[in-house]
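Note that this is a predicted model, so its numbers are computed, not measured.
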2 protein chains.
Amino acid sequence: MMDQMTIFSDYIRSKGLKNTCQRKTILEAFLASKSHFSTEDLYLKLRKQHPNIGYATVHRTLKLFAECGIASELDFGDGQTRFEPLDINQHHDHLVCTNCGLIVEFTEPRIEKLQEQVAARYNFKIERHRHELYGLCPKCAKAQLV
Amino acid sequence: MMDQMTIFSDYIRSKGLKNTCQRKTILEAFLASKSHFSTEDLYLKLRKQHPNIGYATVHRTLKLFAECGIASELDFGDGQTRFEPLDINQHHDHLVCTNCGLIVEFTEPRIEKLQEQVAARYNFKIERHRHELYGLCPKCAKAQLV
DNA sequence: GGAGAAATTGAAAATGACAATCAGAAAGCT
DNA sequence: AGCTTTCTGATTGTCATTTTCAATTTCTCC
Ligand SMILES: [Mn+2]
Ligand SMILES: [Mn+2]
Ligand SMILES: [Zn+2]
Ligand SMILES: [Zn+2]
């Protein structure tokens, strides 16, 4: 299994793009970052050590990561696109706390199977899906009872 | 079962809001409209008969519909919020064609059940969910083979 | 049928995330 | 090194959505 650095550099090469130190820096920070961050989150984090990297470059590079398949773009409906490192064999969906923003990942193969059945029912050729459960995390649910 | 007009007027009353003719007009157009329309769609449709109703009012009124539960807000990731009249006992999810924009509704009780199991697994108290399958509709899938 | 308080309206401007621009810098091939 | 192509980052543009605010409308209470 190819690692994410290799996937990215292969992609760079195949498209005739260039290996810049900004891209290297952003890739490292991306892989070291915890999931579900926005462009701005990563930009602010990077700025501490690399004040010369611009917001636009971070944004374009994250788009590149998504293009080559090492990142996935998430939209939890709060007006900010989020990113997460994507491991090809580890697809998952999300539980989102509407009170504190906590994000929990889940997998449920039985749901994935049923999605295929639904697609077949309507003759759709599915490329991807979005499945998010919104509500209160255990902590916020408990706090709300008070 | 209360109809949508009653739900809305009850909501208006309970919040100390006022019954304006714009709201009445927008509610009628909303209920007569086919699903999955944007604020602009409805605004343009209304403008033919009611050129004095402003975009902001249409927008605010649709938000009110969502608040009181007679509309649901949809986000298919194309940068435009869409709305649909919501019938309380007819929850459904969506298949979206990424080529032509066709939207097909589906229900799958087994998936809904499994969602509850997932929520229970993580002690989440689910309020709502978003479940969309993106891909090619039969027509676009066929066209792509050519 | 008003008077008065409170909510509403609609045109316009503000907001904010994202995308495009472009001149100077860097990469990489020969 | 020279040359061509791509990249960078500050800035500007875009566009859906939200806010503003003065004028209007609604609605309660005489
Ligand atoms: Mn995740
Ligand atoms: Mn629908
Ligand atoms: Zn929470
Ligand atoms: Zn289609």
Side-chain angles (χ1 to χ4, degrees), chain A residues 8-30 36-68 71-83 101, chain B residues 8-30 36-68 71-83 101:
Chain A
F8 184 61
S9 51
D10 284 2
Y11 184 75
I12 288 287
R13 209 169 310 122
S14 77
K15 289 276 181 181
L17 307 179
K18 290 179 177 172
N19 245 316
T20 66
C21 52
Q22 285 92 336
R23 284 177 179 164
K24 234 169 287 180
T25 303
I26 296 168
L27 178 56
E28 278 163 25
F30 167 71
H36 317 129
F37 55 85
S38 65
T39 302
E40 181 158 22
D41 290 336
L42 192 61
Y43 167 67
L44 291 177
K45 183 184 163 187
L46 275 163
R47 203 169 57 171
K48 292 175 199 161
Q49 300 290 326
H50 307 273
N52 51 323
I53 292 184
Y55 183 96
T57 301
V58 176
H59 175 260
R60 285 179 293 222
T61 305
L62 285 172
K63 286 293 208 184
L64 270 185
F65 293 166
E67 265 175 53
C68 76
S72 70
E73 290 185 57
L74 309 169
D75 173 8
F76 295 147
D78 64 346
Q80 282 212 290
T81 300
R82 292 168 188 282
F83 294 85
Chain B
F8 184 61
S9 52
D10 284 2
Y11 183 76
I12 288 286
R13 209 170 310 123
S14 76
K15 290 276 179 179
L17 307 179
K18 290 177 177 174
N19 245 316
T20 66
C21 52
Q22 286 93 335
R23 285 177 179 164
K24 233 169 287 181
T25 303
I26 296 168
L27 178 56
E28 279 163 25
F30 166 72
H36 317 132
F37 56 83
S38 66
T39 301
E40 182 158 23
D41 290 337
L42 191 63
Y43 167 67
L44 292 176
K45 183 183 163 188
L46 274 163
R47 202 169 56 171
K48 292 175 198 161
Q49 300 289 326
H50 307 273
N52 52 324
I53 292 185
Y55 183 95
T57 301
V58 175
H59 175 260
R60 285 181 291 224
T61 306
L62 285 172
K63 287 292 209 184
L64 271 184
F65 293 166
E67 265 176 52
C68 76
S72 69
E73 290 186 56
L74 308 169
D75 173 7
F76 295 146
D78 64 346
Q80 281 211 289
T81 301
R82 292 167 188 283
F83 294 85

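Rounded to whole Å, the distance from NZ on B:K18 to P on D:dT26 is 9 Å. If you measure from atom CG of A:L62 to atom C1' of D:dT8, you get 15 Å, rounded to the nearest angstrom. For B:R82 and D:dA16, the CZ to P distance is 11 Å, given to the nearest whole Å.
Closest of all the heavy-atom pairs between B:A29 and B:K45 is O-NZ, 3.8 Å. When all heavy atoms are compared, the tightest approach of B:Y43 to B:G54 is CE1-C, 3.8 Å. In terms of heavy-atom proximity, B:I26 sits nearest to B:V58 at CD1-CA, 3.9 Å. For the pair B:L17 and B:R23, the tightest heavy-atom approach, listed with the atom from each and the gap, is CB-NH1, 3.9 Å. Shown here for B:I53 and B:Q22, the closest heavy-atom pair between the two residues is CG1-CG, 4.1 Å.
Residue contacts shown for A:E40 are absent, as no nucleic acid heavy atom lies under 4.0 Å away. Using a 4.0 Å heavy-atom distance criterion, B:T81 is classed as a sugar-phosphate-only contact.
Between atom CG of residue A:L44 and atom CD of residue A:E40 there is a gap of 5.0 Å, rounded to the nearest 0.5 Å.
In this structure, B:F65 has its ring center at least 6.0 angstrom away from the ring center of B:F83.
Note that the first and last nucleotides of DNA chain C, 5' to 3', having any atom under 4.0 angstrom from a heavy atom of chain A are C:dA17 to C:dG28.
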For this session: Give the C-alpha distance, both sets of side-chain angles, the deciding distance and a yes or no for side chain to side chain contact (heavy atoms under 4.5 Å, CB included) between B:L46 and B:K48.
Result: CA-CA 5 Å; B:L46 274 163; B:K48 292 175 198 161; over 6 Å; no
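Dashed line: the shortest gap from a side-chain N or O of A:Q22 to OP1 or OP2 of D:dC7 is not under 4.0 Å.
The main-chain N or O of A:Y55 is never found under 3.5 Å from a side-chain atom of A:R47 such that the two would form a donor-acceptor pair. Panel note: side chain A:R13, backbone A:N19; no donor-acceptor pair is recorded below 3.5 Å.
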Under 3.5 Å, which N/O atoms of the protein pair with N/O atoms of nucleotides 28-30 of chain D?
none

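In this structure, B:Q49 and B:T25 have side chains that are not in contact, with every pair of non-hydrogen atoms separated by 4.5 Å or more.
With the nearest nucleotide of DNA chain D identified for both B:K63 and B:N19, B:K63 has the one nearer the 5' end.
Of the residues in residues 48-61 of chain B, B:N52, B:I53, B:G54, B:A56, B:T57, B:R60 come within less than 4.0 Å of DNA chain C through at least one heavy atom, sorted by number.
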